[in-house]
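Here's the structure, in structure tokens; my notes come after.
Atoms within a ligand are numbered from 1 in the order they appear, just like the ligands themselves. Computed from a predicted structure; not experimentally measured.
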Amino acid sequence: MIYLDNAATSFPKPEPVLRGMDAFVRTSAANPGRSGHRRAVEAEAMIDATRLLLARLFGCPRPERVVFTLNATDALNMAIKGILRPGDHVITSVLEHNSISRPLNQMEKEGSITLTRLPADASHLIDPDEVARAFTPKTRLVAVTHASNVTGTIQPVAAIGRIARERDALLLADASQSAGIVPIDVEKDAIDLLAFTGHKALLGPTGTGGLVVGERAVIAPWREGGTGGDSSSPVQPSEFPHRLEGGTPNVFGIAGLREGVKILLERGVVSILSHEREMLAVFYNALKEPGRYSWYGADRVIAEKRGEGRVGLVGVNLPGFAPAETAAILDEQFDIAVRAGLHCAPYAHKHLGTFPQGTVRLSVGLLTTADEMREAAAAFDEVAASAPSHA
Ligand SMILES: Cc1ncc(COP(=O)(O)O)c(C=O)c1O
């Protein structure tokens, strides 16, 4: 199988990730923080060590402010629902995943917030000047993706973050497609709330993710419950991470995530980004006639600028085929896994002009090889060549 769906979840997981989970399940599978015995203490130490690695990866000076969640959706909901108060105004964009759009749309529908959804420009970027213009005296939050899961473009979060700070608002960045691929420094990038997922480029298993909460963010717990220590307190404790970590965490998953983050720190995020861009270039250059496909602007950047400003995913359509049809042919006839459709981001596809059918998304990862990309290009060419006789 050629797996080109790493933007959905990374596969295969590196061996150390699998071994890390296996070893942990077999030897120290206790409930962290809940009991005083050695195994429970060991489990808690493993979780805190992972917190520390993530804090290093994201330039977060206070590791206790890296809060574990179930996935990015959970982290985004935690941030949105923990920060916003009735009457607040929020600035977001058309590039967002439903994990940002839906909670905000629902709050707007209920009349508790007002919302400005900014367009993206022709290069699929949010313009910081537009963000500045959208501010009202009630704006509390700017919620934007760091890298779009549809267009692959990396957004100018640092510029947006500075604008938010100047106006006493917070920036929530959705790093689902950037964490582990694009260098992130929450301090330098002026990110107050960084939502990430563990199962994509951080190489961990599903059921892992987190929220990095900056010092400027005053956040109410979204999920309350057991935290292990201080059981006598009638309400959720105020200290991090317990404030936001009610309930038993995904200990096995975090044991895998720890190994994934170690790999990233050892190899360096920048080298992973250049590997991903290189893989897309290999694919593009191996196509017989790249001009016959629809690329939504990505072809020029991949061919002429070595993928600058992009992560390793691209949306492409083949003339004469619906995206879902292309993906089914690639799967059934070539054993190539891609994702077709709207990618949980309907506004982004309206922006691209690909709504409602969407695009065929190819997304590469750390373990994708050049040979796989050449094989995938040959398969695309074969499918495209069959188009004229296509009923
Ligand atoms: C940009 C973006 N945001 C949020 C999510 C949701 O991530 P998770 O599945 O970890 O909740 C995804 C995953 O596809 C994504 O690509």
Lys/Arg-Asp/Glu bridge criterion (N-O < 4.0 Å) met for D5, R361: yes
I'd like to know if K200 contacts ligand 1, where contact means a heavy-atom distance under 4.0 Å to any ligand atom. yes
With a 4.0 Å cut-off on heavy atoms, does S99 reach ligand 1? yes
Do Y347 and F355 have ring centroids that are under 6.0 Å from one another? no
Taking all atoms of both residues into account, what is the closest heavy-atom pair of E382 and F334, and its distance? OE1-CE2, 3.6 Å
D88 bridged to R85 by N-O distance under 4.0 Å: no
Atom 7 (O) of ligand 1 has as its nearest protein heavy atom A72 CB, 3.5 Å
Is there a nitrogen or oxygen of L76 sitting under 3.5 Å from a nitrogen or oxygen of ligand 1? no
Nearest protein heavy atom to atom 15 (C) of ligand 1, by residue and atom, and its distance? H97 CD2, 3.3 Å
Salt bridge between R62 and E64, side-chain N to carboxylate O under 4.0 Å? yes
Pair H97 + H343: ring centers closer than 6.0 Å: no
Please work out whether any backbone atom (N, CA, C, O) or any side-chain heavy atom from C-beta onward of H199 is under 4.0 Å from ligand 1, and answer side chain, backbone, both or neither. side chain
What do we get for S176 next to ligand 1 when only non-hydrogen atoms under 4.0 Å count, side chain, backbone, both or neither? side chain
Please report whether ligand 1 has a polar contact with D174, defined as an N or O pair separated by less than 3.5 Å (distance criterion only). yes
Residues forming a side chain to side chain donor-acceptor pair (under 3.5 Å) with S148, sequence neighbours excluded: T151
Geometry only, no angles: is T73 polar-contacting ligand 1 at N/O separations under 3.5 Å? yes
For atom 10 (O) of ligand 1, find the nearest protein heavy atom and state the residue, atom name and distance (0.1 Å precision). T197 OG1, 2.5 Å
So L54 and F196, do their side chains get closer than 4.5 Å, heavy atoms only? yes
Run the numbers for me: atoms of ligand 1, each under 4.0 Å from some heavy atom of N71, listed by number. 8 (P), 10 (O), 11 (O)
Should you measure from each heavy atom of Q177, which atoms of ligand 1 turn up under 4.0 Å away? 15 (C), 16 (O)
